Amino acid sequence: MKAAVLKTIENLKVEEIPKPVPSPGEILIKIEACTICGTDIKAYHHGHKHIRFPRVTGHELAGEIVEVGGKVKNYKLGQKVAVAPAIPCGSCYYCRRGMQSMCLNLKAIGYHYNGGFAEFMVVTEDAVKNGCVNLLHSNTSFEEGALAEPLACVINGQELSQIKLGDTVVIVGAGPLGCIHIQLARVRGATKVILIELSSSRIDFAANFFKPDVIINPSCDDAISKIRKETQGRGADKIIVACPSGKAQEDSLKMVSPRGIINFFGGLPKDKPFIKFDSNLIHYGEFYVVGTHGSAPYHNKLALQLISSGRIKVDELLTHRLPLSKLEEGIRLAESGESMKVVIYPVR
Ligand SMILES: [Zn+2]
Ligand SMILES: [Zn+2]
């Protein structure tokens with residue numbers, strides 16, 4: 001089969017490798033769509049502590065079941081599925097308490113196991129058993145199925161941020177994840193969604209498709225005082241910092257309402273992970289700072305329901321479509337900021 005094999009850092013080759021054979025507890029799927037994620041870009045440039053080379057990356061994927069191991073129940077040939085890439089063990093301290101994304105034995109597709117930038121992928125027994133393989137609804141495309149993964153991370157983020165009816169929510173960053181956050185905040189009942197973004201092309205894109213109530217460009221406006229003005233001086237109830245900026249995290253501490261919640265949803269670069277802040281802001285404001293980064297299999301199932309029902313639109317985010325042979329071009333497009341989501345079609 002054809003696969004994009006990351007041999008070492010920045011050495012990606014599209015080549016023929018043996019088609020994997022599923023063992024009795026496994027499923028083989030033909031990959032119909034795999035979207036490029038920020039973490040694929042990081043793995044390409046810097047590797048990852050869980051990646052041993054050579055590795056096929058790609059974890060936002062959907063496809064069709066083409067082989068089912070003899071021991072597998074509940075799945076059959078021809079079913080269209082999305083696969084949640086973070087595989088919990090189901091039995092550790094956190095799994096037993098319903099916090100699968102914190103699993104002590106977490107394995108991930110595209111990291112520990114080969115992922116979706118290939119014509120076929122084996123779904124391992126642990127993934128099959130722990131609810132990672134979810135059927136696509138009949139009105140859902142493969143591309144939308146692949147985008148259930150970032151939506152699942154946004155759902156986890158907003159659950160822990162407790163976004164609810166009547167909230168004023170600030171989303172910092174209008175990348176693909178920020179755009180999904182805007183939509184989900186509305187679905188959860190936020191009555192005012194404020195977007196903060198520096199790039200004018202991203203502002204135009206978000207304004208056109210997702211219509212935040214207020215848009216602030218910090219290069220022309222003082223974001224902190226503007227947020228205060230929009231909230232009668234209180235600050236925002238919830239803030240999601242969906243960009244890798246320490247400055248944005250520091251600023252968010254000055255924009256939040258007393259007893260509000262801030263989510264550091266975007267991780268900071270490895271070489272710049274520190275921020276500086278006045279700890280008395282938290283002491284007197286009694287607000288909460290949470291971070292989230294992944295999702296659990298049930299978030300993926302929920303994501304597919306939200307996509308199928310039309311409550312969340314992910315297809316607008318797909319700006320570029322490429323064959324597997326152009327994966328490197330896709331990575332460059334995704335990191336340049338010219339694109340929103342780039343989808344790779346391994347079998348087309
Ligand atoms: Zn991802
Ligand atoms: Zn576990």
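None of the values given here were measured: they were computed from a predicted structure. Just so you know, ligand 1 is whichever comes first in the structure, and atom 1 is the first atom listed for that ligand.
- Put simply, Cys153 stays out of reach of the Zn ion (ligand 1), with no N, O or S atom under 2.8 Å from it.
- For the Zn ion (ligand 2), the tally of protein N/O/S atoms lying closer than 2.8 Å stands at 4.
- Here the N, O or S atom of His59 that is nearest to the Zn ion (ligand 1) is NE2.
- Separating the CG atom in Leu302 from the CG atom in Leu184 is a distance of 8.5 Å, to the nearest 0.5 Å.
- Atoms SG of Cys37 and OE1 of Glu149, as seen from the Zn ion (ligand 1), are separated by an angle of 160°, to the nearest 10°.
- In this model, a donor atom of one side chain and an acceptor atom of the other lie less than 3.5 Å apart for Glu159 and His299.
- Remark: of the listed residues Ile155, Val314, Leu177, Leu177 is the sole one forming a side chain to side chain contact (heavy atoms under 4.5 Å, CB included) with Pro150.
- With Phe120 as the aromatic partner, Lys19 meets the cation-pi criteria of under 6.0 angstrom to the ring centre and within 45 degrees of the ring axis.
- Under the 30°/60° scheme for interplanar angles, the aromatic rings of Tyr111 and His59 are found to be tilted.
- For Glu60, the N, O or S atom closest to the Zn ion (ligand 1) goes by the atom name OE2.
- Taking backbone and side-chain atoms together, Asp40 has no N/O/S atom less than 2.8 Å away from the Zn ion (ligand 1).
- Pairs engaging residues 73-102 under the side chain to side chain donor-acceptor pair (under 3.5 Å) rule: none recorded [sequence neighbours left out].
- Within the model, atoms CD1 of Ile203 and CG of Leu195 stand 6.5 Å from one another, a figure rounded to the nearest 0.5 Å.
- Between His293 and Phe265, the gap from one ring centroid to the other reaches at least 6.0 Å.
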